[in-house]
Amino acid sequence: DSGVTQTPKHLITATGQRVTLRCSPRSGDLSVYWYQQSLDQGLQFLIQYYNGEERAKGNILERFSAQQFPDLHSELNLSSLELGDSALYFCASSGRQYTGELFFGEGSRLTVL
Amino acid sequence: AQTVTQSQPEMSVQEAETVTLSCTYDTSESDYYLFWYKQPPSRQMILVIRQEAYKQQNATENRFSVNFQKAAKSFSLKISDSQLGDAAMYFCAYRSPSNFGNEKLTFGTGTRLTIIP
C-alpha cells in the first residue's frame with residue numbers, strides 16, 4: 001500500500017460527459033502528480049501541484065483541469081470526453097524529504113463509450 | 001528535455017534464469033535519479049529499484065540489481081532467479097533533482113517481461 005488513495009477505481013461514461021477523479025496523497029506529502037496511461041502505453045505526465053499551486057504542466061489537454069485543495073487532496077477534471085480519453089489515470093505524491101521516487105495510487109480506469 | 005528510451009518492447013526468460021532489461025536516457029544534468037518501476041497485471045506502479053546519479057555504486061535490491069553507466073547514459077536492470085511473479089511491464093524512469101517545476105518522472109515506453117515456467 002503506497003498510501004496514495006484514488007477514487008473512483010473504475011468509471012464508465014459517455015462521450016461529451018464530464019468526470020472528476022480524486023486523489024489523496026500520502027500523509028504529509030505536498031506534491032501531487034497526475035499521469036495518463038493509455039492502453040499498453042507508457043505514462044504521460046499531465047500536471048503537478050505543490051501545496052495548492054500548479055508547479056509543472058505536461059501534455060494536458062485544455063479540456064482537462066486540475067486543482068489541489070488546502071487539505072492537499074487533488075482533483076482532475078475531464079470534460080467533453082472523447083473515446084480517446086479512455087485510459088488509466090494515476091495520481092502520485094512525493095514527500096517533504098526528497099528521496100526521489102514518486103508513490104503511486106492504484107489508478108482510476110476511465111472508459112468512455 | 002530529458003528522454004528515456006527502452007528499446008526492448010518485450011522480453012522473455014525461463015523461470016530461475018537471469019534477464020537484463022535495457023534503458024538509456026538523455027540529459028544534460030549531472031545529478032538526477034533513475035528508477036525502475038514494475039507494473040503487474042493489477043496495473044499498480046511498484047518501485048523496484050532506485051539509483052542516485054552521484055553514487056557510483058550500483059543499486060541492489062535482493063534479486064534486482066542495476067548496471068548504471070553514467071558516461072554512457074545507460075541504466076539496465078538485471079533480474080536474477082526469475083520468478084513467475086516477476087512477470088510485468090517494467091518502466092525505466094528519470095527524475096531531476098529537486099528543482100522548482102522540474103520534479104516529474106519521465107518514463108520510458110516500457111518492456112513487457114514474460115516468465116516461462
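The chains referred to below are lettered A, B, ... by the order of the sequence lines, with proteins before strands, and numbering in each begins at 1. Note: hydrogens, waters and symmetry copies are ignored here, and every other heavy atom, side chains too, is used.
Taken to the nearest 0.5 Å, the CG atom of A:Leu43 stands 13.5 Å off from the NZ atom of B:Lys104. Rounded to the nearest 0.5 angstrom, A:Ser2 OG and B:Met45 CE are separated by 11.5 Å. Distance check: B:Phe35 CZ to A:Leu102 CG gives 7.0 Å after rounding to the nearest 0.5 Å. Put simply, CE on B:Met89 and CD on A:Gln37 are 7.5 Å apart, with the number rounded to the nearest 0.5 Å. The distance from the CZ atom of A:Phe104 to the CD atom of B:Gln39 is 9.5 Å, given to the nearest 0.5 Å.
Counting heavy atoms of neighbouring residues, nucleotides and ligands inside a 6.0 Å radius, atom NZ of B:Lys70 exceeds 12 of them. Atom CG of A:Asp71 has more than 12 heavy atoms from other residues, nucleotides or ligands within 6.0 Å.
Residues A:Leu46 and B:Phe91 do not share a hydrophobic cluster, defined by chaining ILVMFWY side chains whose heavy atoms lie under 4.5 Å apart. Under the 4.5 Å side-chain contact rule for hydrophobic residues, B:Ile49 and B:Val4 share a cluster. In the hydrophobic clustering of ILVMFWY residues, with side-chain heavy atoms under 4.5 Å counting as a link, A:Leu61 and A:Val112 come out together. By the rule that hydrophobic residues join a cluster once side-chain heavy atoms approach within less than 4.5 Å of another member, B:Tyr32 and B:Val66 end up as members of one cluster. The hydrophobic clustering, which links ILVMFWY residues whose side-chain heavy atoms are closer than 4.5 Å, places B:Phe68 and B:Tyr94 together.
Heavy-atom minimum distance, A:Tyr35 versus B:Leu105: OH-O, 2.7 Å. Residues B:Tyr37 and A:Glu101 approach most closely at OH-CB, 3.6 Å, considering heavy atoms.
Counting only heavy atoms from C-beta outward, the side chains of A:Ser94 and B:Arg95 approach each other to under 4.5 Å.
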For B:Phe107 and A:Phe45, what are the C-alpha separation, side-chain angles and deciding distance, and is it a ring pair (Phe, Tyr, Trp, His ring centres under 6.0 Å)? CA-CA 9 Å; B:Phe107 286 90; A:Phe45 171 69; over 10 Å; no
